[in-house]
S.K.: 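My structure is below; once you've seen it, I'll send some questions.
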Amino acid sequence: MIQFLRYLLFPVSILYGMVIRLRHLAFDYGIFNSVTFNVPIICVGNLSVGGTGKTPMVEYLIRKLKSQKRVGVVSRGYKRKTKGFVLANKNSTVFDLGDEPFQFWKKFPEIILVVDSDRVRGVGELLKLKNAPEIILLDDAFQHRRIKAQKNVLLTSYNSLYSDDYLLPTGNLRDVVSRAEKADVIVVTKSPTNISEKKRIEITKKLQKNEKQKVVFATISYSEKVYSQKEVIDLQDFLKKPFLLVTGIANPLPLIQFLDDNQANYRHLEFPDHHNFSSSEIEKLKKEPRILTTEKDFVRLQNQLPEIHYLPIETEFVSKSDEDIFWKMLKS
């Protein structure tokens, strides 16, 4: 029924697409200006409203780069309680930064992280710092053309390719498919590790917009441990007893599939992406003896539910050649 209603709104999608295309034309012809900074900038983004594995991809880049250069991260800080420019510090909370930036900051305190909806200002303020970053990652900024990044990494989910989707509100795309031409490398996330060569070729033909681009395949790697504020438990030991799975992310299906593949006994309580849990929802969750959640949800729930556990994930490429191609494109 909901999908049928979305198709009824197809004329709205056409109008939305016209507005988006006009905006891009304004940038292309210099009516709106893009700013270039004298520091390497890598933009990580997608064309859809979420669920492409953007957070683990940013973390992957941080892990790979932080030993070589001072890494800065600029994010919007979606659903934070603060306004304007905020530089992360030891006293920052999830409410100051937003869930995803706070997760970056918590895991990698050595990075320099700011949140600002005005990314031009955010980068500019970063570069004024005494210990200014030597490379900057723009989190979720593929649509924000006011900054011209040196490299653009575009993500699309294996089970929900942007080439098979429609613009909002009929589909889940927030930008036109033609924008994919501006990506240097397209990463098909959440791919099966045993993806066939035939399937790779089929998807590459669908996605590759120009001969300079490369399409590579990545997957989700789940930790063998689950974590809480108090303990670390082997995943298989945790899965031996029933639990409640709580998710507030765009696409929980890969996690559900992983738990099902491991014969887990659980109930699933699903909330919208970036959900702010109410006091009544917290009180209900406190009655649950065992809860598992995602790392992004954990940073919002940990202080209210100290017994809650989370399962970390990481981005991994399905092959060494995919990873080599990815870095070749970024370094070229």
S.K.: Hey, is the main chain of Ile41 close enough, under 3.5 Å, to the side chain of Gln150 for a donor-acceptor pair?
M.R.: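 Indeed, once roles are kept as given, a pair shorter than 3.5 Å links the two residues.
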S.K.: Going by an N to O cut-off under 4.0 Å, is there a salt bridge joining Lys284 and Glu281?
M.R.: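 Result for this pair is no, no salt bridge flagged.
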S.K.: Taking ILVMFWY side chains as joined if any heavy atoms are under 4.5 angstrom apart, and letting links pass through other members, which residues group with Ile249?
M.R.: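 Members alongside Ile249: none; it stands by itself.
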S.K.: Taking the side chain as everything from C-beta on, heavy atoms only, tell me whether Ile112 gets closer than 4.5 Å to Asn131.
M.R.: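 In contact.
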S.K.: Is there a donor-acceptor pair under 3.5 Å between the side chain of Glu59 and the backbone N or O of Glu314?
M.R.: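 It does not hold such a pair.
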S.K.: Start with the C-alpha gap between Val44 and Asp140, add the side-chain angles, then the distance that decides, and say whether side chain to side chain contact (heavy atoms under 4.5 Å, CB included) holds.
M.R.: CA-CA 6 Å; Val44 179; Asp140 194 19; over 6 Å; no
S.K.: Would you find a donor on one side and an acceptor on the other, under 3.5 Å apart, between the side chain of Ser92 and the backbone of Asn89?
M.R.: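 Pair found, side chain donor or acceptor close to backbone of Asn89.
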S.K.: Evaluate whether atom NZ of Lys107 has more than 12 neighbouring non-hydrogen atoms of other residues, nucleotides or ligands under 6.0 angstrom away.
M.R.: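 For Lys107, atom NZ is crowded (more than 12 foreign heavy atoms under 6.0 Å).
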S.K.: Any chance the side chains of Ser321 and Asp324 put a donor and an acceptor closer than 3.5 Å?
M.R.: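 The answer is no; no qualifying pair exists.
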S.K.: How long is the span from the CD atom in Gln103 to the CD atom in Glu295, to the nearest 0.5 Å?
M.R.: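 Reported value, rounded in 0.5 Å steps: 4.0 Å.
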S.K.: List the atom of Pro133, the atom of Gly72, and the distance in Å for their closest heavy-atom pair.
M.R.: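 Closest approach of Pro133 to Gly72: CB-N, 3.4 Å.
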S.K.: In Å, rounded to the nearest 0.5 Å, how long is the span from OG of Ser67 to CD1 of Ile62?
M.R.: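 Answer for the OG-CD1 pair, Ser67 versus Ile62, is 12.5 Å.
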S.K.: To the nearest 0.5 Å, how far apart are CG in Asn152 and CZ in Arg179?
M.R.: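 One finds 7.0 Å between CG of Asn152 and CZ of Arg179.
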S.K.: When you measure from the side chain of Asn262 to the backbone of Phe258, do you find a donor-acceptor pair of N or O atoms at a distance under 3.5 Å?
M.R.: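 Side chain of Asn262 to backbone of Phe258, a donor-acceptor pair under 3.5 Å: yes, one is there.
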S.K.: Check side chain to side chain contact (heavy atoms under 4.5 Å, CB included) between Asp118 and all other residues, then give those that pass, not counting sequence neighbours.
M.R.: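 Side chain to side chain contact (heavy atoms under 4.5 Å, CB included) list for Asp118, sorted by chain: Asp116, Val120, Arg121, Arg146.
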S.K.: Report the residues that fulfil salt bridge (Lys or Arg N to Asp or Glu O under 4.0 Å) with Glu211, sequence neighbours left out, ordered by chain and then residue number.
M.R.: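 Here no residue qualifies.
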S.K.: Using every non-hydrogen atom in the two residues, find where Asp139 and Ser75 come nearest and quote the distance to one decimal.
M.R.: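 Smallest interatomic distance, heavy atoms only, reads OD2-OG, 2.8 Å.
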S.K.: If you define the side chain from C-beta out and look only at heavy atoms, does anything of Thr293 sit under 4.5 Å from Leu245?
M.R.: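 Side chain of Thr293 against side chain of Leu245, heavy atoms only: no contact under 4.5 Å found.
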S.K.: Parallel, tilted or perpendicular: which fits the ring planes of Phe238 and His309, with parallel below 30° and perpendicular above 60°?
M.R.: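 Judged by the thresholds at 30° and 60°, the geometry between Phe238 and His309 is tilted.
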S.K.: I'd like to check the side chain to side chain contact (heavy atoms under 4.5 Å, CB included) partners of Pro169; sequence neighbours left out, ordered by chain and number.
M.R.: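 Leu9, Val12, Ser13.
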S.K.: Can you tell me if Arg290 uses its side chain to pair, donor with acceptor, with the backbone of Lys241 under 3.5 Å?
M.R.: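 A pair under 3.5 Å: yes.
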S.K.: Flag the pair Leu235 / Tyr222 as yes when at least one side-chain heavy-atom distance between them is below 4.5 Å, and no otherwise.
M.R.: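 The answer is no; the side chains never approach within 4.5 Å.
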S.K.: Looking at every heavy atom in both Pro101 and Gly77, which two are closest together, and how far apart are they?
M.R.: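 Between these two residues, the closest heavy atoms are CG-CA, 4.0 Å.
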S.K.: Quick test of your reading: applying side-chain hydrogen bond (donor to acceptor under 3.5 Å, both in side chains), list the pairs with at least one residue in residues 19-29, sequence neighbours left out, ordered by first then second residue.
M.R.: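 Matches after skipping sequence neighbours: His24-Arg145, His24-Asp175, Asp28-Arg145.
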S.K.: Does the side chain of Met57 reach to within under 4.5 Å of the side chain of Thr52, using non-hydrogen atoms?
M.R.: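 Counting from C-beta outward, Met57 and Thr52 never come under 4.5 Å.
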S.K.: Between Thr36 and Ile147, is any pair of side-chain heavy atoms under 4.5 Å apart?
M.R.: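 When only atoms from C-beta onward are counted, Ile147 and Thr36 do not touch, as no gap falls below 4.5 Å.
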S.K.: Write out all pairs satisfying ring pair (Phe, Tyr, Trp, His ring centres under 6.0 Å) with one or both partners inside residues 140-180, taking only residues at least two apart or from two chains.
M.R.: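 Qualifying pairs: none.
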S.K.: List for me each residue that meets side chain to side chain donor-acceptor pair (under 3.5 Å) alongside Glu100, sequence neighbours excluded, and say none if there are none.
M.R.: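 Glu100: side chain to side chain donor-acceptor pair (under 3.5 Å) contacts with Lys54, Thr55, Lys296.
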S.K.: Please report the shortest heavy-atom distance between Lys286 and Gln304, naming the atom on each side.
M.R.: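 Result for this residue pair: CE-O, 3.5 Å.
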S.K.: Taking the side chain as every heavy atom from C-beta outward, state whether Val49 and Leu168 have any pair of such atoms under 4.5 Å apart.
M.R.: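 They are in contact (side-chain heavy atoms under 4.5 Å apart), so the answer is yes.
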S.K.: Salt bridge between Lys320 and Glu323, side-chain N to carboxylate O under 4.0 Å?
M.R.: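 Not counted as a salt bridge, because no side-chain N and carboxylate O are separated by less than 4.0 Å.
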S.K.: Taking a hydrophobic cluster as the set of Ile, Leu, Val, Met, Phe, Trp and Tyr residues connected by side-chain heavy atoms closer than 4.5 Å, whether directly or through intermediates, do Ile256 and Phe243 fall within one such cluster?
M.R.: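 Same cluster.
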S.K.: If only atom types and distance count, is the side chain of Asn46 paired as donor or acceptor with the main-chain N or O of Thr156 below 3.5 Å?
M.R.: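 The answer is no, because no donor-acceptor pair under 3.5 Å joins these two groups.
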S.K.: Which pairs pass ring pair (Phe, Tyr, Trp, His ring centres under 6.0 Å) with one or both residues in residues 31-52, sequence neighbours excluded?
M.R.: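 Every pair satisfying ring pair (Phe, Tyr, Trp, His ring centres under 6.0 Å) with a residue in residues 31-52: Phe27-Phe32.
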S.K.: So, the side chain of Asp234 versus the backbone of Gln236: is there a donor-acceptor pair under 3.5 Å, distance only?
M.R.: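 Flag not set: sc Asp234 to bb Gln236 has no pair under 3.5 Å.
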S.K.: Consider only side-chain heavy atoms of I, L, V, M, F, W and Y, link residues closer than 4.5 Å, and tell whether Ile42 and Leu113 are in one cluster.
M.R.: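 Yes; Leu113 is reachable from Ile42 via cluster members.
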S.K.: Enumerate the salt bridge (Lys or Arg N to Asp or Glu O under 4.0 Å) contacts for residues 71-96, please, sequence neighbours excluded, ordered by first and then second residue.
M.R.: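 Pairs touching residues 71-96 that pass the test: none.
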S.K.: How many angstroms lie between CZ in Arg70 and CD1 in Ile136, if you round to the nearest 0.5 Å?
M.R.: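 Reported to 0.5 Å precision, the distance equals 11.0 Å.
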S.K.: Looking at every heavy atom in both Leu239 and Ala264, which two are closest together, and how far apart are they?
M.R.: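 Closest pair (atom of Leu239, atom of Ala264, distance): CD2-CB, 4.0 Å.
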S.K.: Do Gln213 side-chain atoms and Asn210 backbone N/O form a donor-acceptor pair below 3.5 Å?
M.R.: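 Checked: pair present.
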S.K.: Say whether Phe326 and Val58 are linked into one hydrophobic cluster, either directly or through other cluster members, by side-chain heavy-atom distances under 4.5 angstrom.
M.R.: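 Yes, because Phe326 and Val58 connect within a single hydrophobic cluster, where side-chain heavy atoms sit under 4.5 Å apart.
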S.K.: Show me the pairs that pass side-chain hydrogen bond (donor to acceptor under 3.5 Å, both in side chains) and involve residues 188-197, at least two apart or across chains.
M.R.: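 As it turns out, there is no side-chain hydrogen bond (donor to acceptor under 3.5 Å, both in side chains) pair with a partner in residues 188-197 once direct neighbours are skipped.
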S.K.: Hydrophobic clusters here meaning ILVMFWY residues chained together by side-chain heavy-atom distances under 4.5 Å, can you tell me if Leu97 and Phe108 are in one?
M.R.: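 Yes, because Leu97 and Phe108 connect within a single hydrophobic cluster, where side-chain heavy atoms sit under 4.5 Å apart.
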S.K.: Side chains of Val39 and Glu134: closer than 4.5 Å at any heavy-atom pair?
M.R.: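 Side-chain contact under 4.5 Å: no.
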S.K.: For the pair Lys214 and Asp184, find out whether any cationic side-chain nitrogen is under 4.0 Å from an anionic carboxylate oxygen.
M.R.: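 No, no charged N to carboxylate O under 4.0 Å.
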S.K.: Treating Arg300 as the side-chain partner and Asp99 as the backbone partner, does any N or O pair qualify as donor plus acceptor under 3.5 Å?
M.R.: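 It does not hold such a pair.
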S.K.: Should the heavy atoms of other residues, nucleotides or ligands under 6.0 Å from CD of Gln68 be counted, would the total exceed 12?
M.R.: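 Atom CD in Gln68 is crowded, with more than 12 foreign heavy atoms closer than 6.0 Å.
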S.K.: Kindly indicate whether the side chain of Val226, heavy atoms from C-beta on, has any atom under 4.5 Å from the side chain of Leu292.
M.R.: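 The answer is yes; the side chains approach within 4.5 Å.
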S.K.: Specify whether Tyr60 and Phe317 have parallel, tilted or perpendicular ring planes, treating 30° as the upper limit for parallel and 60° as the lower limit for perpendicular.
M.R.: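 It falls in the perpendicular class, over 60°.
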S.K.: Can you confirm whether Lys209 is buried at NZ, in the sense that more than 12 heavy atoms of other residues, nucleotides or ligands lie under 6.0 Å from that atom?
M.R.: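 More than 12 within 6.0 Å, yes.
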S.K.: What is the distance from atom CG of Leu330 to atom CG of Leu61, rounded to the nearest 0.5 Å?
M.R.: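 One gets 6.5 Å once the value is rounded to the nearest 0.5 Å.
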S.K.: Can you pull out every salt bridge (Lys or Arg N to Asp or Glu O under 4.0 Å) where at least one residue sits in residues 255-272? Sequence neighbours excluded, please.
M.R.: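 Every pair satisfying salt bridge (Lys or Arg N to Asp or Glu O under 4.0 Å) with a residue in residues 255-272: Arg267-Glu288.
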S.K.: For residues Val74 and Val153: do they belong to one hydrophobic cluster (side chain heavy atoms under 4.5 Å, members Ile, Leu, Val, Met, Phe, Trp, Tyr)?
M.R.: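 They do not share one cluster, since no chain of ILVMFWY contacts under 4.5 Å joins Val74 to Val153.
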S.K.: Mind checking the CG-CD1 spacing from Leu207 to Ile186? Nearest 0.5 Å is all I need.
M.R.: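 Separation between the atoms: 5.5 Å.
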S.K.: Other than Phe298, what residues sit in its cluster of Ile, Leu, Val, Met, Phe, Trp and Tyr side chains whose heavy atoms are under 4.5 Å apart, directly or through others?
M.R.: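 Answer for Phe298: Tyr227, Val232, Leu244, Val246, Leu269, Phe271, Phe277, Ile282, Leu285, Ile291, Leu301, Leu305, Ile308, Tyr310.
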S.K.: Do you know the tightest heavy-atom contact between Trp105 and Ile111?
M.R.: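 For Trp105 and Ile111, the tightest heavy-atom pair comes out as CZ3-O, 3.2 Å.
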